Amino acid sequence: MATGIVAVGLHLAGFAWAARVLLAIMAALWAVLAVTFCGQFGGGLERWREETSAPAALTAVAGTGVLGDGVAVIGRPVAAAVLLALTALLWAALLPRVLRNLRWRVPGAAYMVTVATQAVAVLAASLAVHPHARWLLWPAGVLLALGLLLYVLVLYRFDFAELAGGAGDHWVAGGSLSISALAFAKVTHAAGASAPLVAGTLAVLAAALGWYAVLVVCEVLSPRAAYDGRRWSTVFPLGMTAVSAMTAGHACGIPWLWTLGEVLLWPAAAAWLVVAAGAVRHAFASASS
């Protein structure tokens, strides 16, 4: 997810070669994770039920959706449509299980219920710009609204202590609004930028930028420098906020939002490099031990 959205941001900013490299990396990682996900069936039905009831299982939905959006951005609508179908099937299978098992005082990972829903909406709206796929606009709009309702549900249960002590996934509290803003912007663009859609896009983007500022302040006040795999959940919102600002700027006809997104893209790219380096070091250390 993190790699894919940074790739999309780089493509929008005009760095097509870098975007294609990251998309290739994401596709390879997606294939590995797909095999791992399918391998859970070999652990027995009880283990499969346990694994697919956790919010982290929805990364399968969001990751597939982000990959599909990246494929759509580089001009491969047929492949993107296939990935949309797979994303929608995974979403329909996994979301009810996760919702039934949501606890009180949930961590940031619980916002994956919104991220996964909006990932389907984003990809559907991306394809809806094509005349033969205009019918996807209505499902995208319905999923957008559902994703926002799920955000409110999780916000009510969110453990705000995570802002000071979370290991990285607390950033999804803001990232889920960022992908909601991206879905809004995509629907706005596909539907023709009517005043209500523009207002909705800007309102959700403003809330996402507000979360971005709060989360940055929390990181400064409570530094967490040690590597943790959940830091990929920090990179994703950083990249998603940049992409949503650029896309909203284009959809709503506000050039400075595009510029803001380009500025925000570089912290996301830098964070990707830092976390990727940490992941490689951690992998080598684990192999050595």
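Just so it is clear, the values below take in all heavy atoms, side chains as well, and ignore hydrogens, waters and symmetry mates. Here the structure is a predicted model, which means the values were calculated and not measured.
Of all the heavy atoms in T87 and L83, the pair that sits closest is OG1-O, 2.6 Å. S244 and L182 make their closest contact through CB-N, 3.8 Å (heavy atoms, listed as atom of the first residue, atom of the second, distance). What you find for M246 and W258 is that their closest heavy atoms are O-CE3, 2.9 Å. In plain terms, the two heavy atoms of V204 and A181 that are nearest each other are CG1-N, 3.5 Å. Here the closest heavy-atom approach between residue T3 and residue L22 is recorded as CG2-O, 3.4 Å. Residues A124 and L136 share a closest heavy-atom pair of O-CB, 3.7 Å.
In terms of hydrophobic clustering, with Ile, Leu, Val, Met, Phe, Trp and Tyr side chains grouped at heavy-atom distances under 4.5 Å, Y212 and W256 are assigned to a common cluster. Under the 4.5 Å side-chain contact rule for hydrophobic residues, V142 and W91 do not share a cluster. Hydrophobic clustering (side-chain heavy atoms under 4.5 Å, transitive across Ile, Leu, Val, Met, Phe, Trp, Tyr) keeps L149 apart from V187. V129 and I74 fall into different hydrophobic clusters, defined by Ile, Leu, Val, Met, Phe, Trp and Tyr side-chain heavy atoms under 4.5 Å apart, directly or through other members. Under the 4.5 Å side-chain contact rule for hydrophobic residues, W232 and L273 share a cluster.
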Show the numbers, then the answer: is there a side chain to side chain contact (heavy atoms under 4.5 Å, CB included) between L202 and C252?
CA-CA 8 Å; L202 296 178; C252 301; 4.2 Å; yes

Show, in sequence, the C-alpha distance, side-chain angles and deciding distance for M1 and M112, and conclude whether the side chain to side chain contact (heavy atoms under 4.5 Å, CB included) test is met.
CA-CA 12 Å; M1 290 163 52; M112 285 302 302; 4.0 Å; yes

Run L257 and L205 through side chain to side chain contact (heavy atoms under 4.5 Å, CB included) and show every step you take.
CA-CA 10 Å; L257 277 178; L205 179 61; 3.9 Å; yes

Check against side chain to side chain contact (heavy atoms under 4.5 Å, CB included), L95 and V61:
CA-CA 9 Å; L95 182 68; V61 180; over 6 Å; no

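Checked against side-chain hydrogen bond (donor to acceptor under 3.5 Å, both in side chains), T241 has the following partners two or more places apart in sequence or in another chain: S178. Annotation: side-chain contact (heavy atoms from CB on, under 4.5 Å) contacts of V98 (sequence neighbours excluded): P55, L58, V113. In this structure, D169 has no salt bridge (Lys or Arg N to Asp or Glu O under 4.0 Å) partners at least two apart in sequence or on a different chain. The side-chain hydrogen bond (donor to acceptor under 3.5 Å, both in side chains) search around T64 returns W30, not counting sequence neighbours. In this structure, the side-chain contact (heavy atoms from CB on, under 4.5 Å) partners of R231, at least two apart in sequence or on a different chain, are H170, W171, E219, R224, T234, V275. Residues that satisfy the side-chain contact (heavy atoms from CB on, under 4.5 Å) test with L155, not counting sequence neighbours, are Y111, Y151, F160, W211.
When the shell of 6.0 Å around CZ of R105 is examined, it contains 12 or fewer heavy atoms from other residues, nucleotides or ligands. Residue-environment remark: NE2 (H282) stays at or below the threshold of 12 foreign heavy atoms within 6.0 Å.
Rounded to the nearest 0.5 Å, atoms OG1 (T114) and CG (L153) are 8.0 Å apart. Annotation: the span from L146 atom CG to Q118 atom CD amounts to 8.0 Å, rounded to 0.5 Å. For the atom pair CG of L143 and OG of S180, the computed distance is 11.5 Å after rounding to the nearest 0.5 Å. Considering NE2 of H189 and CG of L197, their distance stands at 13.0 Å, rounded to 0.5 Å. Expressed to the nearest 0.5 Å, how far CD of E262 lies from CG of L260 amounts to 10.0 Å. In this structure, D69 CG and I179 CD1 are separated by 8.5 Å, a value rounded to the nearest 0.5 Å.
Within the 4.5 Å cutoff, no side-chain heavy atoms of L12 are placed close to those of L265. Put simply, the side chain of L23 does not reach to within 4.5 Å of the side chain of H11, judged on heavy atoms. Counting heavy atoms from C-beta on, the side chains of V120 and L84 come closer than 4.5 Å. W17 places none of its side-chain heavy atoms less than 4.5 Å from the side chain of L10. The side-chain heavy atoms of V172 and F236, taken from C-beta on, include no pair separated by under 4.5 Å. Contact annotation: the side chain of V152 never approaches that of Y156 to less than 4.5 Å [non-hydrogen atoms, C-beta and beyond]. Between L163 and F158, some side-chain heavy-atom pair lies under the 4.5 Å cut-off.
The residue from V21, V8, L67, V71 that alone fulfils the side chain to side chain contact (heavy atoms under 4.5 Å, CB included) condition with M26 is L67.
A donor-acceptor pair is defined here as one N or O able to donate and one able to accept, closer than 3.5 Å; no such pair exists between the side chain of T188 and the backbone of A193.
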